[in-house]
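What follows is a set of notes on a single structure, which appears directly below.
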Amino acid sequence: MLTEINFDGIVGPSHNYAGLSLGNLASARNFGKVSAPRAAALQGLAKMRANLDRGLAQGFLLPQRRPDEGWLRQLGTTPEAASPTLRANATSASSMWAANAATVSPAPDTADGRCHLTAANLVTMPHRSHEWRETLAQLQIAFASAQHFALHAPVPAPFGDEGAANHMRLCAGHAAPGIEVFVYGQAGGPFPARQHREASEAVARIHGLSPDRTVFARQSDEAIAAGAFHNDVVAVANERVLFTHELAFADREGFYAELRAKLPEVEIVEVPAAAVSLADAISSYLFNAQLVTLPSGEMALVLPQEARETPSVWQWLEAHVGGNGPIRHLFVHDLRESMANGGGPACLRLRVVADPATIDPRFMATPDKLDLIEALVTRLWPERIAVEGLADPALWRTCVEARAELCVELGLSELNRAEF
Ligand code: SUG
């Protein structure tokens, strides 16, 4: 049976605050702070466990090997010899934000009836531009069944593609054909627009999507300038519901009209700027919640605790849940470590609609497996990392070995190669 499965990125042992993401206000604000990789990974695992307990299907992607020596070698250097900037770019744990791993078009939407996944090139940010090789390697193992899945290498540079963070799917139910919405940005503001229209169009073609059921919408310049470096910071969709900030899209009316024409049952829940400013929406990550359908059929938002701590946001949410809106439940999680680098609940997961039986079970979460990962993280992940500490070879060894042991424990030692 086709189900929505959330694949969360396990936070890697090198999680740190090197301030690498221009336009991501949290990453810039927390530059130089001491990170807590162990706590970060445990926070992510607690969210996975809670979603599993809620009756949702849960998978995971493994942290990538960091520092990425293969990438440094391509640049003619090594972790020892690299400049502090290059070394930081080689050591980020940014693959935890699995929403940027790939764009996923479920089987009911595609011409050949298979679920298509295109790894994102993430070319705009150096520290993320080398994720795709291992991402693709993991996806090739997890979704190896060619009968059910088609995997694609990234769209070539210079067309920036940030994966599912700039892609939404609206449908009557997950197993029904959907409308796929690709949200791109236009360069010109103070911050880079990471998703290029050319890349979105390429992915839609590669996945064999029907133009009648595809929408290309431009993200508003205002949202990018306010720090919404990905559209999933200002809008999220689930089944027939689009939950969005009023200022998310450049041509809001035109976009809504096209959606209504293509999916008459769409329900647009718009939060007005007068109730929640863009600044509050972005700092609280209201829209970076996971909007999910519970087994009861009711929808819930899985929120970061910053949403509860932002008065305008919490007021709006309580009024919505108290009224007749489609979102019926609010679940709040402590994800402070990921949030401090600009990654909320929805950044941490990649949604795949598929039959879990067709996926390599090594990537599927169970309570026992989460226990095992939790114990290993508690034992091996560094408690703290200061940015200056990234120069320490002992730290690289700890990070590489800790991840390697996780791969072995999960039966995925084939991921233990030095280069991808
Ligand atoms: O790409 N942060 C990530 C956060 C990604 C959030 N994902 C989604 N919105 N889907 C980014 O900006 C910070 C890394 C650093 O500064 O070291 C970082 O890469």
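Whatever order the structure lists them in is the order used to number ligands and atoms, beginning at 1.
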Compare N30, N341, N89, V234 and give the one whose heavy atom is closest to atom 2 (N) of ligand 1.
N341
What atoms of ligand 1 come within less than 4.0 Å of a heavy atom belonging to [X]?
{"X": "R194", "result": "1 (O), 11 (C), 12 (O)"}
{"X": "N24", "result": "2 (N), 3 (C), 4 (C), 11 (C), 12 (O)"}
{"X": "A165", "result": "10 (N)"}
{"X": "S27", "result": "13 (C), 15 (C), 16 (O)"}

Name the closest protein heavy atom to [atom], giving the residue it belongs to and the distance to 0.1 Å.
{"atom": "atom 11 (C) of ligand 1", "answer": "S21 OG, 3.3 Å"}
{"atom": "atom 8 (C) of ligand 1", "answer": "C347 SG, 2.8 Å"}
{"atom": "atom 19 (O) of ligand 1", "answer": "H127 NE2, 2.6 Å"}
{"atom": "atom 5 (C) of ligand 1", "answer": "R128 NH1, 3.5 Å"}
{"atom": "atom 10 (N) of ligand 1", "answer": "D232 OD2, 2.7 Å"}

Note: [X]-[Y] ion pair, threshold 4.0 Å (strictly below):
{"X": "R194", "Y": "E162", "value": "yes"}
{"X": "E409", "Y": "R379", "value": "no"}
{"X": "E309", "Y": "R336", "value": "yes"}
{"X": "E414", "Y": "R362", "value": "yes"}

Any Y285 side-chain heavy atom under 4.5 Å of Q305 side chain:
no
Could you tell me if the side chain of H167 sits less than 4.5 Å from the side chain of F182, heavy atoms only?
yes
Give a yes-or-no answer on whether the side chains of [X] and [Y] include a donor-acceptor pair shorter than 3.5 Å.
{"X": "S92", "Y": "H127", "result": "no"}
{"X": "E131", "Y": "S94", "result": "yes"}
{"X": "D355", "Y": "H148", "result": "no"}

Taking both backbone and side-chain atoms of L20, is any N or O found less than 3.5 Å from an N or O belonging to ligand 1?
yes
Polar proximity ligand 1 side, W97 side, N/O cut 3.5 Å exclusive:
no
Min heavy-atom dist E162 to ligand 1 below 4.0 Å
no
